[in-house]
Amino acid sequence: METIGLIIFTIVGLSIGLQFITGMLFFLFGTSSPIGSYLSNYYVKKPKDFFDWFTNVFYIAAHSFAHLLFLKLIEKYGELKGRLIYLGQWIVIIIVIAIAVNIPYMF
């Protein structure tokens, strides 16, 4: 049972790490960067084969939260204000994760 928990913890940790890296790349370079244009065409709405399905699962696990959140904030608040709100949200997410990881050691 410990091995399954370790595998799940590793997958979730890698997913959060990739989301964070994608988020910071968007914060630094914006949507007109190579990473933005790459991720805009990454998701396939109707996958035709296993490879398309697998890339959709990887996109959802590794990039979707950061990508879609950034796009919505930029549309709603504009370029500069949207980026600052985006940075603030990532700081809050990091604080929540740090607290959640340290809960077993607090008591």
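The structure displayed is predicted, hence computed values, not measured ones.
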Query raised in the report: Can you list the other members of the hydrophobic cluster that holds F54, where links are side-chain heavy atoms under 4.5 angstrom apart?
Result: F50, W53, V57
Query raised in the report: Has the side chain of D52 got a donor or acceptor atom that lies under 3.5 Å from a matching backbone atom of T55?
Result: no
Name the atoms and distances for all side-chain donor-acceptor pairs under 3.5 Å in residues 61-74, with sequence neighbours left out.
unit_1 : atom_1 : unit_2 : atom_2 : d
H63    : ND1    : T22    : OG1    : 2.7
S64    : OG     : I60    : O      : 2.8
H67    : ND1    : Y59    : OH     : 2.8

Query raised in the report: Do side-chain atoms of S15 reach the backbone of I11 as a donor and acceptor pair under 3.5 angstrom?
Result: no
Query raised in the report: In terms of hydrophobic clustering (I, L, V, M, F, W, Y; side-chain heavy atoms under 4.5 Å; direct or indirect links), are L28 and L87 co-clustered?
Result: yes
Result block: side-chain N/O donor-acceptor pairs under 3.5 angstrom for residues 88-104, not counting sequence neighbours:
unit_1 : atom_1 : unit_2 : atom_2 : d
W90    : NE1    : Y86    : OH     : 3.2
N102   : ND2    : A98    : O      : 2.9

Report summary line: Per side chain to side chain contact (heavy atoms under 4.5 Å, CB included), T10 is matched among I7, L14, I8 by L14
Query raised in the report: Should M24 and F26 be regarded as members of a common hydrophobic cluster, given that ILVMFWY residues are connected when their side-chain heavy atoms come within less than 4.5 Å of each other, either directly or indirectly?
Result: yes
